Amino acid sequence: MTADSLSFEIKYKANGKTYFCNANKCEHFTLKYGIENNVLNMSVCPNEKIEFISFDVKTPYKYDSDDRMFVNGYQSWTDSMEYASQEKMSELTRFTEISIKSPGGRKIGVSKSGDYLFWKYPRKTGVFYGWSYGYIRKGDNVEIFGSLSERTGYTVITFDCNEGVVKISKELEGVVFESEKKVMEVAFVSGEYDEAFDEYFKMMNVVSRENKKRVGYTSWYNYYSSISEDIIKRDLASITAQNIKFDCFQIDDGYQQAIGDWLKTDKVKFPNGMKVIADSIHENGMLAGLWLAPFAATARSEIFRDHKDWFIKDKNGKPYNTGANWGGFYSLDIYNPQVREHLKHVFDTVLNDWGYDLVKLDFLYGACVLPLHGKSRGEVMCDAMDLIRECCQDKLVLGCGVPLMPAFGKVDYCRIGADIHLQWKNRKYCMREDVSTPHAVCNSIFRRHLDGRAWMNDPDVFLLRDNNIGMTFEQRKMLAKINSTFGSLLFISDDVSRYNDAQIAALKETFQSKDIKILSAQFCQKDIMDAQYVENGERKSMRFNVRTGENKSLS
């Protein structure tokens, strides 16, 4: 790719009118750009105030029939995988898209967790799009097209095999350009898979804060929000009674009085408060973890009732519904000074007064559902993650429900896939971020390049129990094997006192420390995943059906 090969398709507003431009110099602005050391830098030099409706840069690319294109979903939960040139992105059905974009869908907020309201989903064979970075794989080598920063706005990479181009777009809604401003910084890196990603992260100057794999427990996938002090202490005692080392014990949603009121514990469920629980976990030799959705609050929360002015507002000045969970929730405006002080107080209490070592921070995407105060969604999310790290200092952070690149190097662990389902089956007519074991598994495999570079990957839990589960034991063991091979945070949600000998053996095998290097992982035929890897110096392979969890040959 050269600077001379670039073409432009730009739509913008100036003086109340809409204009189209397909050159680097237009009536109201000039683009200043160049490629040096495999990095495209581009700035906008406006003559007057302008706002971009769309901003696309294209470069020609010759696709081969056996190329595989990886596209990165919008946030942690969004499906992300490799596609062949003759395939089509089809995880979002037309029916689902129409439903979540309908007035009813918008009102309850089901569309807010993804990019549905501000990006168009392609419905053509051979057209694939993703956020911040993507690659074209040719055998063992990849060609990465990746943003080096999202502070100027999110970058969208589209591989169009029909037109024979790679399109690099910027999502710039809400930004007014009045003077020269950088708009794009995109790197092009090619080479063997691991070497290319090492180079890409070096160019971003991003280093994982953690390099330690951990094993542990979380309360969510057995009890969900129906937890109590008695349940937590029972499962803690059950774990301690086993001769198996657990690093971390994490309490999930359900301890708080309401979503948003994180320091007001439900006194019926947890009569002695949360510090006592952290102390008990420490006494049993584990790190104590606690779940929060720090930017979120429901209408029934005290913080929302008392401080509506702290929340993101729509164009009419009313609090903007940012998600459908818990009957609908709202998100704090991180640029409000009082909000920032409030969040610092919350984290100081949880981490220092209560003594928790790790916080799982969920639904983080809510911070950037709208552009705010002249800043793009991408810049808002980058600022939100800076605030999170400022609040948490050197404590461990597990990110979840977060657009990925703004969290690079800011969290210690991060969910990189959807929540698993208690059954291993395809879910039709759902959003791309919905609960799905097949999606969780695909993301664990195809986002493996983030592990140890951006953070340590959390593939979500595996479950071995017999009660409250819809998977066969073979499927449960398959998920455990996938997670331990591709992930770095291995959590269960089971009462291990109910395990039989086979389940105890499977848990010990999954938790066993292993030195693993992935050699390759790809679809060898429809829905059949083939992975080649080296484990403790021995070459091994894994082949299974992503859609059913059926083991097709495991060695």
Side-chain angles (χ1 to χ4, degrees), residues 212-223 231-250 281 284-287 289 417 420-424 437 440-441 444-445 451 456-518 521 529-546 548-555:
K212 184 176 182 180
K213 294 188 175 187
R214 296 183 193 270
V215 300
Y217 165 97
T218 177
S219 58
W220 181 250
Y221 290 91
N222 202 352
Y223 316 106
I231 289 172
I232 293 300
K233 286 191 171 181
R234 183 200 68 201
D235 280 6
L236 179 61
S238 297
I239 286 171
T240 305
Q242 299 294 329
N243 187 26
I244 302 173
K245 178 175 171 52
F246 278 68
D247 298 312
C248 183
F249 189 101
Q250 183 238 313
I281 295 169
N284 286 279
M286 287 174 271
L287 298 175
I420 69 155
H421 195 275
L422 297 185
Q423 296 182 27
W424 196 319
T437 302
V441 165
S444 294
I445 292 167
D451 192 38
M456 302 299 280
N457 279 2
D458 171 15
D460 204 20
V461 301
F462 66 97
L463 306 170
L464 295 172
R465 64 178 185 258
D466 290 327
N467 64 303
N468 189 26
I469 191 76
M471 298 185 201
T472 67
F473 189 49
E474 291 306 311
Q475 287 174 322
R476 285 173 261 160
K477 288 194 296 181
M478 188 77 246
L479 182 59
K481 182 63 178 177
I482 293 166
N483 285 10
S484 65
T485 302
F486 290 93
S488 289
L489 196 65
L490 306 177
F491 276 13
I492 61 166
S493 284
D494 301 342
D495 175 1
V496 298
S497 68
R498 304 179 67 171
Y499 276 8
N500 58 34
D501 290 345
Q503 290 163 324
I504 289 290
L507 181 63
K508 288 181 177 180
E509 165 62 24
T510 306
F511 275 7
Q512 186 179 12
S513 178
K514 305 178 185 74
D515 180 18
I516 295 175
K517 177 177 175 55
I518 306 298
M529 181 68 63
D530 180 87
Q532 303 293 321
Y533 59 102
V534 176
E535 180 181 300
N536 296 334
E538 180 184 354
R539 180 156 182 156
K540 295 189 174 185
S541 65
M542 184 190 311
R543 183 171 289 193
F544 62 95
N545 189 310
V546 167
T548 67
E550 181 185 3
N551 185 348
K552 305 299 287 188
S553 81
L554 183 63
S555 61

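All of these numbers come straight from a predicted model, not from anything done at the bench.
- For the pair Lys245 and Asp247, the salt-bridge criterion is met [side-chain N within less than 4.0 Å of a carboxylate O].
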What verdict does the side-chain hydrogen bond (donor to acceptor under 3.5 Å, both in side chains) test give for Asn222 and Asn468, after you've listed the backbone C-alpha separation in whole Å, the side-chain angles of each residue and the deciding distance to 0.1 Å? CA-CA 7 Å; Asn222 202 352; Asn468 189 26; 3.2 Å; yes
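- At least one side-chain heavy atom of Ile504 sits under 4.5 Å from a side-chain heavy atom of Gln242.
- Within 6.0 Å of the CG atom in Asn536, the count of heavy atoms belonging to other residues, nucleotides or ligands exceeds 12.
- Interatomic distance, Arg539 CZ to Gln532 CD, rounded to the nearest 0.5 Å: 5.0 Å.
- Leu507 and Ile492 get closest at one heavy-atom pair: CD1-CG2, 4.0 Å.
- Note: Ser493 OG to Leu464 CG = 11.0 Å, rounded to the nearest 0.5 Å.
- Ring geometry, Phe462 versus Phe511: the interplanar angle exceeds 60°, so the pair is classed perpendicular (tilted spans 30 to 60°).
- In this structure, CD1 in Ile469 is found 10.0 Å from NE2 in His421, a value given to the nearest 0.5 Å.
- Proximity of Val441 to Phe544: side-chain heavy atoms (C-beta onward) are separated by under 4.5 Å at one or more points.
- Considering all non-hydrogen atoms of both residues, Gly470 and Gln475 come closest at O-OE1, 4.5 Å.
- Shortest non-hydrogen contact noted between Thr437 and Gln423 is OG1-O, 3.4 Å.
- We find the OG1-CD1 distance between Thr485 and Ile445 to be 9.0 Å, quoted to the nearest 0.5 Å.
- Of the possible polar contacts, none joining the Asn545 side chain to the Glu550 backbone as a donor-acceptor pair under 3.5 Å is found.
- You'll find the side chain of Met542 reaches within 4.5 Å of the side chain of Met478, heavy atoms only.
- Atom CZ of Arg498 sits in a sparse spot, with 12 or fewer heavy atoms from other residues, nucleotides or ligands closer than 6.0 Å.
- Here the side chains of Met286 and Ile239 are in contact, with some heavy-atom distance below 4.5 Å.
- In this structure, the side chain of Lys213 does not engage the main chain of Met456 through any donor-acceptor pair within 3.5 Å.
- In this structure the side chain of Ile482 never reaches within 4.5 angstrom of the side chain of Pro459, judged on heavy atoms.
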Decide side chain to side chain contact (heavy atoms under 4.5 Å, CB included) for Val215 and Ile244; before the verdict, give the C-alpha distance in whole Å, the side-chain angles of both, and the deciding distance to 0.1 Å. CA-CA 10 Å; Val215 300; Ile244 302 173; over 6 Å; no
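- Contact check for Asp460 versus Tyr221: side-chain heavy atoms found under the 4.5 Å cut-off.
- The line from OH of Tyr223 to CG of Asp235 is 3.5 Å long, rounded to the nearest 0.5 Å.
- The shortest side-chain heavy-atom distance between Arg214 and Leu287 falls under the 4.5 Å cut-off.
- Arg476 is listed as a side-chain neighbour of Asp466, based on a closest heavy-atom distance under 4.5 Å.
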Would Ile518 and Phe486 count as a side chain to side chain contact (heavy atoms under 4.5 Å, CB included) here? Give the steps. CA-CA 8 Å; Ile518 306 298; Phe486 290 93; 3.8 Å; yes
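- What you find for Phe473 and Gln503 is that their closest heavy atoms are CE1-CG, 3.8 Å.
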Walk me through whether Thr510 and Asn483 qualify under side chain to side chain contact (heavy atoms under 4.5 Å, CB included). CA-CA 8 Å; Thr510 306; Asn483 285 10; 5.9 Å; no
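- Without hydrogens or angle criteria, Lys514 side chain to Gln512 main chain gives a donor-acceptor distance under 3.5 Å.
- Distance OG/Ser238 to CG/Asp495: 4.0 Å, rounded to 0.5 Å.
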